[in-house]
J.: 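Input: one structure, supplied below.
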Amino acid sequence: GAVVSQHPSRVICKSGTSVKIECRSLDFQATTMFWYRQFPKQSLMLMATSNEGSKATYEQGVEKDKFLINHASLTLSTLTVTSAHPEDSSFYICSATGTTYSYEQYFGPGTRLTVT
Amino acid sequence: AQTVTQSQPEMSVQEAETVTLSCTYDTSENNYYLFWYKQPPSRQMILVIRQEAYKQQNATENRFSVNFQKAAKSFSLKISDSQLGDTAMYFCAFMKPRNQGGKLIFGQGTELSVKP
């Protein structure tokens, strides 16, 4: 089946620094990737949608300058949290869709970000 | 805008029993997809079952089946012969076709505990 990886699985950074999270499709070409944020005991909230080679489309209320998304290739998307603050601490999940099916999204295992 | 509502924050069931999780949604679309995802303690999102809105027949995957009532905008999940490994958070999700955005909209989730 289709596999999506995320790196790192956990990261701790100091307030004010930036941190990059990678999302890779390992065995398929991901034409579209999605980034979600999930707080404990809550649902997944879509942050942005990115299509390969295009600028990401952000959901209402998500700061574009704070959460930089790049989808430079068909197998890699990155989320950079700039000038991180403790309130950015969360679980970040990516998903990807390929070209084969119109509905299937494949999820990465998630990245736990802690900002101290 | 589409919304998805799961009215049961928590449920529990005895091992080998049957449990039904509720989900309602609101949309003016006629063509869409509905999903149930499972998120175990590992937090990896796992697709349990999907239903295409144009199909009248309810989807079934082994012990998992849905009751899809399009007119009532209801999409419940039935788990038969519950197993300890079914313990997880379950999310109901709605998606428009990819050519209309393809974004997943999740419900609030139902935390299911299967007791021995």
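Computed from heavy atoms alone, side chains included, the values below leave out hydrogens, waters and symmetry copies. Order of the sequence lines sets the chain letters (A, B, ...), proteins ahead of strands, with each chain counted from 1.
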J.: A:Gln42 versus chain B, heavy atoms under 4.5 Å apart: side chain, backbone, both or neither?
T.: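 Contact with chain B is through the backbone of A:Gln42 alone.
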J.: OH/B:Tyr37 to OG/A:Ser95 distance, rounded to the nearest 0.5 angstrom?
T.: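 So the OH of B:Tyr37 and the OG of A:Ser95 are separated by 7.5 Å.
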J.: Chain B contacts: which residues in residues 44-71 of chain A have a non-hydrogen atom closer than 4.5 Å to it?
T.: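 At a heavy-atom separation under 4.5 Å, chain B is reached by A:Leu44, A:Leu46, A:Thr49, A:Glu59.
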J.: Do the side chains of B:Phe94 and B:Phe68 join up, straight or via other hydrophobic residues, at under 4.5 Å, putting them in one cluster?
T.: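 Yes: a chain of side-chain contacts under 4.5 Å links B:Phe94 to B:Phe68.
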J.: Would you say B:Lys78 has more than 12 foreign heavy atoms packed within less than 6.0 Å of its NZ?
T.: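 Not buried by this count: 12 neighbours or fewer within 6.0 Å.
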J.: So for B:Phe91, is it side chain, backbone, both, or neither that comes closer than 4.5 Å to the heavy atoms of chain A?
T.: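 For B:Phe91, the contact with chain A is made by the side chain alone.
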J.: With distance as the sole criterion, is a donor-acceptor pair present between the side chains of B:Gln39 and A:Gln38 under 3.5 Å?
T.: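 Distance-only check passes for B:Gln39 and A:Gln38.
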J.: Does CD belonging to A:Glu87 count more than 12 external heavy atoms closer than 6.0 Å?
T.: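 It does: A:Glu87 CD has more than 12 such atoms within range.
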J.: Any chain of hydrophobic side-chain contacts (each under 4.5 Å) joining B:Ile105 to A:Met33?
T.: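 No, it is not one cluster - the side chains of B:Ile105 and A:Met33 are not joined through contacts under 4.5 Å.
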J.: Shortest non-hydrogen contact from B:Gly107 to A:Ser43?
T.: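 Heavy atoms only, the tightest pair is O-OG, 2.6 Å.
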J.: Go through it in stages, so that I can follow the logic: the residues are B:Met95 and A:Gln105, the test is side-chain contact (heavy atoms from CB on, under 4.5 Å), and I'd like the CA-CA distance, side-chain angles, deciding distance and then a yes or no.
T.: CA-CA 10 Å; B:Met95 189 179 83; A:Gln105 282 194 28; 4.1 Å; yes
J.: Assess whether atom NE2 of A:His85 is packed by more than 12 heavy atoms of other residues, nucleotides or ligands within 6.0 Å.
T.: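 Check passes, neighbour count above 12.
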J.: As an exercise: rank B:Arg50, B:Met89, B:Glu111 by heavy-atom pairs under 4.5 Å with chain A and give me the winner.
T.: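 Option with the greatest count: B:Arg50.
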J.: Please look at B:Leu104 and chain A and tell me whether the side chain, the backbone, both or neither of the residue comes under 4.5 angstrom of a heavy atom of that chain.
T.: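 Backbone plus side chain of B:Leu104, per the 4.5 Å heavy-atom cut-off to chain A.
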J.: Same hydrophobic cluster for B:Val13 and B:Tyr90, using side-chain heavy-atom links shorter than 4.5 Å among ILVMFWY?
T.: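 Same cluster.
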J.: Is B:Gln6 close to chain A through its backbone or its side chain, or both, or neither, when contacts mean heavy atoms under 4.5 Å?
T.: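 The answer is neither part of B:Gln6.
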J.: Can you tell me how far NZ of B:Lys103 sits from OG1 of A:Thr97, rounded to the nearest 0.5 angstrom?
T.: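 Answer rounded to 0.5 Å: 13.5 Å.
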J.: Same cluster or not: are B:Phe64 and B:Leu84 linked, directly or through other Ile, Leu, Val, Met, Phe, Trp or Tyr residues, by side-chain heavy atoms under 4.5 angstrom apart?
T.: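 Shared cluster, yes.
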J.: Does A:Leu79 belong to the same Ile/Leu/Val/Met/Phe/Trp/Tyr cluster as A:Phe34, with side-chain heavy atoms less than 4.5 Å apart forming each link?
T.: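 No.
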